[in-house]
Each structure stands twice: as structure tokens, then as C-alpha cells.
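Take a look at the structure set out below.
When a ligand or atom number is given, it counts from 1 through the structure's own listing order. Numbering of residues begins at 1 and proceeds along the displayed sequence.
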Amino acid sequence: MCTVRIYSLVNTMGNVFTFANQKGGVGKTTTATNLGACLAEIGHSVLLVDFDSQGNLSSSVGADREGPGIYQVLSGEKRISDVVQETSQAGLSVVTGGSDLTGANVELVNESKREFFLREAVSSARGDYDYIFVDSPPSLGLLTLNALVAADNCIIPLQTEYFALEGLTQLLQNIKRVQTGFNRDLELFGILFTMYDSRTRLANDVVQEVIGYFGKRVFRTIIPRNIRLSEAPSHGIPVNQYDPTCVGTRSYQKLAEEVVQRVTATTTR
Ligand SMILES: Nc1ncnc2c1ncn2[C@@H]1O[C@H](COP(=O)(O)OP(=O)(O)OP(=O)(O)O)[C@@H](O)[C@H]1O
Ligand SMILES: [Mg+2]
């Protein structure tokens, strides 16, 4: 695996976090939504940016997907502050994404600064929120590249299964490429295990292997498989509102505390 610069303790942290993994269905959107909601629940202001043409993040918080969203900001039609929507969770706002981003992927290809469009789009919102979370699509294409160039920090959700590590090398190479070519500030903030099933030996083996390689970059909090996490999106509310006491809610609340601790450890040194 290639060497990736991980977050340095003396770095003053920026607040844009991208959730990336080109592997589909690993929990990027579930984590952006519910970690965001749990941070909002303890008093932080969080902006979710749906940067996936599937629009799952927007649906997960019940946003109106008909109106303008991130695409209109990329195209220069709107400012980001004009397209922010509030959600049912106080402190949690969202900028929608959706099918028009498929077009953006193609349109950006011929632009000279094509890697920097999202960075430019979110820059004016940086001072307005404690956290800005960008959910990226399951590919290493131009949208994910934009999402990494826009970010100060990257969180990689990993499913605890055999194929989870497949593609990780390629993702890390991509992060390295962004660090050297486009965004020196990008840090690998953490690796998060999702959909964990403690009963399987394989899940434990995957966890041990990744911890062996990444050490403290792996979040102590592990998100277990929990049916409530998969049900909540169809109700358009985060899991902490759907079932405040389920194990999925408690896990993302724990993760929110861990994220705050890491941020505090970084910014106070
Ligand atoms: N811990 C969990 N327990 C049970 N189901 C989960 C869990 N995390 C995510 N899911 C479900 O697994 C599916 C994939 O999760 P999610 O959409 O968050 O992944 P993703 O990485 O964003 O996918 P994509 O790559 O397609 O954008 C969804 O149906 C989601 O509800
Ligand atoms: Mg997703």
C-alpha cells in the first residue's frame, strides 16, 4: 500500500470532510447523514453536501430534491447560501445533489480548473458551519476528485468483509495524488468500520489487518450492522430521530464524540 500523509497533530484543521470510497454500498451516505445528525444533536452546526447523482443523502434527510442544489452552485447560477435547506434535525442543513450531477461530470471534463469547482462552491460556506460533510459517489471519477480537492479531511468507511480492502490501495493513491497535485491540506482523518458483525471471524480478521496497517487512524468506534440504520432513510429522517435508543444511534453518537475529540486534540496543540 502507498504511503499517505495522515493528519498531523500540529495542523490547524479545516472543517470540510469528504466521505470517500469508490466501492459502492460501504456506508458513505449513512455515515455522513447520521454522524452529521449526531454532531448537530450535541450542538454543532453541520452542512451536508450531497455530491452524488444518486441523491441518497438528500433523501435521507427528507430534502426537497426538485429545487436547486449543488449543481446550480457549480454552474455559477446560485450561491451556496441560496440553496441550503434546513432539515428536521436542528443544526443540520443540506445542499441537495441528484441526477443533474451526471451532467456535471461530463461538463467539467473540458474546464481548465475542473478539479476545483466544488472547492470554490463550498468556500464561502466554510465560516458558517462547524462541519461541512461532502458525500461522494462510488467511483474515482471527476466528482470524487472534486470532493477530495474541496476537503481538508477525508473519512473512509470500510465494510468489514473480505473484499473491503480491495480498491483501498487505489483510493489511497488517489488521495496521495490529490495531496501532491491539488490540495496539500488534505488529511486522512480516519477509517471507519461499518456494518460490523462481531459473530464472524472474517470481520474480526479484517479489523485487525486494517488496524495493523493504519493504527490510530482507525476510529475506535465501530458501526455494527443495524436494521434501523437501513430503515431510517425511507422515512427521510436520521437514525437518532427514527429510533433514539437503537444501537445504530448509539454508535453514531459515540463516533460524533470521537470526532470532536480528534478535532479538539488537533486544534489545541
Ligand atoms: N450499519 C449498517 N447496518 C445496516 N445497514 C446499513 C448500515 N450502514 C449502511 N446500511 C445500508 O446499506 C446500504 C448502503 O449504505 P450507504 O448508502 O450508506 O452506502 P454508500 O457507500 O453511500 O453507497 P453508494 O456507494 O451507493 O453511495 C444502504 O441501504 C444503507 O441503508
Ligand atoms: Mg452513497
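For Thr29, the nearest N, O or S atom to the Mg ion (ligand 2) falls under 2.8 Å.
Between Leu48 and Tyr129 the shortest side-chain heavy-atom distance does not fall below 4.5 Å. Within the 4.5 Å cutoff, the side chain of Val259 has heavy atoms near those of the Phe189 side chain.
Proximity of Pro224 to ligand 1, defined as any heavy-atom pair under 4.0 Å, is confined to the backbone N, CA, C and O atoms. Contact annotation for Ile223 and ligand 1: only side-chain heavy atoms (C-beta onward) come within less than 4.0 Å of the ligand. The part of Asp52 lying near ligand 1 is the side chain, judged by heavy-atom distances below 4.0 Å.
Against a heavy-atom cut-off of under 4.0 Å, Gln54 is close to the following atoms of ligand 1: 24 (P), 26 (O), 27 (O). Taking every heavy atom of Ser230 and a limit of under 4.0 angstrom, the matching atoms of ligand 1 come to 5 (N), 31 (O). Each of the atoms 1 (N), 2 (C), 31 (O) of ligand 1 lies under 4.0 Å from some heavy atom of Leu229. Interface of Asn226 with ligand 1, defined as ligand atoms under 4.0 Å from a residue heavy atom, comprises 2 (C), 3 (N), 4 (C).
Salt bridge annotation for Glu257-Lys254: absent, with no cationic side-chain nitrogen under 4.0 angstrom from a carboxylate oxygen.
Not a single protein heavy atom sits closer than 4.0 Å to atom 29 (O) of ligand 1. Taking a distance limit of 4.0 Å, we find that atom 13 (C) of ligand 1 is approached by no protein heavy atom.
For Asn56, no nitrogen or oxygen atom sits less than 3.5 Å from a nitrogen or oxygen atom of ligand 1, counting backbone and side chain alike. Taking only nitrogen or oxygen atoms, main chain and side chain alike, Thr30 reaches within less than 3.5 Å of ligand 1. Backbone and side-chain nitrogen or oxygen atoms of Arg225 are examined, and none is located within less than 3.5 angstrom of a nitrogen or oxygen of ligand 1. Between Gly24 and ligand 1, no N or O atom pair is found at a separation short of 3.5 Å.
Between Lys28, Met195, Lys23, Gln22, it is Lys28 that holds the heavy atom closest to atom 21 (O) of ligand 1.
Of the protein's non-hydrogen atoms, Thr29 CB, 4.0 Å is the one closest to atom 17 (O) of ligand 1. For atom 24 (P) of ligand 1, the closest non-hydrogen atom on the protein side is Gly25 N, 3.5 Å. Nearest non-hydrogen protein atom to atom 19 (O) of ligand 1 is Gly27 N, 3.0 Å.
In the model, Thr144 has no side-chain atom that pairs as donor or acceptor with a side-chain atom of Gln22 under 3.5 Å. In summary, the side chains of Asp64 and Gln85 do not present any donor paired with an acceptor at a separation below 3.5 Å, with no hydrogens or angles considered. There is no side-chain donor-acceptor pair under 3.5 Å between Asn226 and Tyr196. Judged by distance alone, the side chains of Tyr252 and Thr31 do bring a donor and an acceptor atom under 3.5 Å apart. Side-chain contact annotation: Asp50 with Ser58, donor-acceptor N/O pair under 3.5 Å present. Under 3.5 Å, the side chains of Ser93 and Glu86 contain a donor-acceptor pair of N or O atoms.
Closest heavy-atom contact between Asp185 and Arg119: OD2-NH2, 4.5 Å.
More than 12 non-hydrogen atoms from other residues, nucleotides or ligands lie less than 6.0 angstrom from CZ of Arg126.
At least one heavy atom of Val26 sits closer than 4.0 Å to an atom of ligand 1.
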- Task: Could you give me the CA-CA distance, side-chain angles and deciding distance for Arg65 and Ser59, then say whether side-chain hydrogen bond (donor to acceptor under 3.5 Å, both in side chains) is met?
- Result: CA-CA 8 Å; Arg65 287 176 55 186; Ser59 310; 3.0 Å; yes
